[in-house]
Structure formats: structure tokens, C-alpha cells
Enquirer: 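Below: one structure in C-alpha cells.
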Amino acid sequence: MQGRLSAWLVKHGLIHRSLGFDYQGIETLQIKPEDWHSIAVIFYVYGYNYLRSQCAYDVAPGGLLASVYHLTRIEDGVAQPEELCIKVFASRRNPRIPSVFWVWKSVDFQERESYDMLGISYDNHPRLKRILMPESWIGWPLRKDYIAPNFYEIQDAH
């Protein structure tokens, strides 16, 4: 089922894939990594001026990695703001997605966390480095094929 924004993107020749609607009726679109930055700028100009959240997940062991963006269109005098969900998939071998830091500054720590936990590189992010794990950490802890190192000490919680 194609939503209003998907129809608008088709009308303007912008390549994407409609993923339907979530349980709250929020339209979900898939954008290719190479098209993401330009479409993000278009959404910002169109009025999606607030990035509510960004997260990432491992689709399947050995499969794709996904970066998910929840955008909101905030306007004066509107009781219920419009929301939109964008999914950008990247290959596991070389997961690279353009950063949207220069569009929505609030994505700073969120893209860094996705990099830290899943190894997705966000091109043109000004401070892309680990945020939760030590810089010396090897691997990406939230990938489904991650093998935890055996050097942890068991500590007494008392």
C-alpha cells in the first residue's frame, strides 16, 4: 500500500520503496544509501524539521544492517504532527550510509551509537568514533554474528 509521501516521491521521480505502515499508521519508506542524503534534505525542506530518533539493527546473521530514522513534521497550530519512518539498508561487508548530521544535528550521538554497536560508518559525520565501548574494543557487539571475547572478569555485584 502506497502512502501520501510515497506517492509524492514517485511524482517527483525520487527512487524509494514503500514498506507500508506500522501499527500506529506511520508510513515507512526504504531509501537506498546513495540517495539518502539528498532525500533527507528534501524531507527537511518539505517540513520534517525534527529527527525524533535514529537507531540501527542487524536484520539477520550474515544479512543486511539497517539504519532507521523517525522524522516528525512539527508545525504551529497542528494538534497531531505528521511522522515518517525511513529505513536505509547497508551491506554487512562494508556498511556505509551518508550521515544526516548536517541536516538534523540531533542525530550526532545516535549515529555514533549505531557505529559503535553495529559498525555502520556514517560518511561525513564530524565525530564518528565509539561512544559506549572503549576505543580499543574489537568488533561490533550488537551484530547477530558477534562472538563475545572470553577475557571478561566476573565481578561480584555486592
Enquirer: With distance as the sole test, does H125 use its side chain to make a donor-acceptor pair with the main-chain N or O of R127 at under 3.5 Å?
Expert: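 Between the backbone of R127 and the side chain of H125 there is a qualifying donor-acceptor contact (under 3.5 Å).
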Enquirer: Is any NZ, NE, NH1 or NH2 atom of the basic residue among K144 and D58 found under 4.0 Å from an Asp or Glu carboxylate oxygen of the other?
Expert: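 Judged by the 4.0 Å cut-off on N to carboxylate O distance, K144 and D58 do not form a salt bridge.
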Enquirer: Within 45° of the six-membered ring axis of Y122 and under 6.0 Å from that ring's centre, is NZ or CZ of R96 located there?
Expert: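 Judged by the rule, R96 and Y122 form no cation-pi pair.
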Enquirer: Rounded to the nearest 0.5 Å, what's the gap from CD1 on I39 to OH on Y46? Could you check?
Expert: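 Result: 14.0 Å between the selected atoms.
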Enquirer: Does a donor on one side chain and an acceptor on the other come within less than 3.5 Å for N124 and H37?
Expert: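 Side chains of N124 and H37: no pair found under 3.5 Å.
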Enquirer: Linking I/L/V/M/F/W/Y whenever any side-chain heavy atoms sit under 4.5 Å apart, do V103 and I74 land together?
Expert: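 Hydrophobic grouping puts V103 apart from I74.
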Enquirer: Run the salt-bridge test on R4 and E82 with the 4.0 Å N-O cut-off and return the result as yes or no.
Expert: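 Answer for the salt bridge query: yes.
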Enquirer: Please determine if E83 and R52 form a salt bridge, counting it only when a charged side-chain N lies under 4.0 Å from a carboxylate O.
Expert: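 Here E83 pairs with R52 in a salt bridge, since their nearest N and O are under 4.0 Å apart.
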Enquirer: Can you name the one residue among F43, F89, Y69 that meets ring pair (Phe, Tyr, Trp, His ring centres under 6.0 Å) with W36?
Expert: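 With W36 as partner, ring pair (Phe, Tyr, Trp, His ring centres under 6.0 Å) holds for just one option, Y69.
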Enquirer: Hey, is NZ on K105 packed in by over 12 heavy atoms from elsewhere, all under 6.0 Å?
Expert: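 Counting other residues, nucleotides and ligands, NZ of K105 exceeds 12 neighbours.
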Enquirer: Considering only Ile, Leu, Val, Met, Phe, Trp and Tyr, and joining two whenever side-chain heavy atoms are under 4.5 Å apart, list the other residues clustered with Y23.
Expert: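 When side chains under 4.5 Å apart are linked, Y23 ends up in no cluster with other residues.
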Enquirer: Counting only N and O atoms by type, is there a donor-acceptor contact under 3.5 Å from the side chain of S38 to the main-chain atoms of D35?
Expert: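 Checking the backbone N and O of D35 against the side chain of S38, a donor-acceptor pair under 3.5 Å is found.
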Enquirer: Answer yes or no: is there a donor N or O on one side and an acceptor on the other, between the side chain of D116 and the main chain of L132, under 3.5 Å?
Expert: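 At least one qualifying donor-acceptor pair exists.
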Enquirer: When rounded to the nearest 0.5 angstrom, what is the spacing between CD in E111 and CZ in F101?
Expert: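 Reported value, rounded in 0.5 Å steps: 9.0 Å.
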Enquirer: Hey, what do you get for SG (C55) to CD (Q110), rounding to the nearest 0.5 Å?
Expert: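 It comes to 8.5 Å.
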Enquirer: Just wondering, are more than 12 heavy atoms of other shown residues or ligands nearer than 6.0 Å to CZ in R17?
Expert: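 Count not over threshold, so no.
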Enquirer: What's the separation between atom CD1 in I131 and atom CZ in R112, rounded to the nearest 0.5 Å?
Expert: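 The CZ atom of R112 is 4.0 Å from CD1 of I131, to the nearest 0.5 Å.
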Enquirer: Working to the nearest 0.5 angstrom, can you tell me the gap between H70 NE2 and C85 SG?
Expert: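 That separation rounds to 4.5 Å.
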Enquirer: Report yes or no: does Q30 contribute a side-chain atom to a donor-acceptor pair with the main-chain N or O of V88 at less than 3.5 Å?
Expert: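 Checked: no pair found.
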Enquirer: Hey, what do you get for CD1 (I138) to CD1 (I147), rounding to the nearest 0.5 Å?
Expert: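 Reported value, rounded in 0.5 Å steps: 13.0 Å.
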Enquirer: Can you confirm whether more than 12 heavy atoms, excluding those of I15, are under 6.0 Å from its CD1 atom?
Expert: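 Open.
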Enquirer: Looking at Y48 versus W104, is the centre-to-centre ring distance below 6.0 Å?
Expert: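 So the answer is no for these two rings.
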Enquirer: Hydrophobic cluster membership, with links at side-chain heavy-atom distances under 4.5 Å among I/L/V/M/F/W/Y: are W8 and Y44 in one?
Expert: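 Yes, same cluster.
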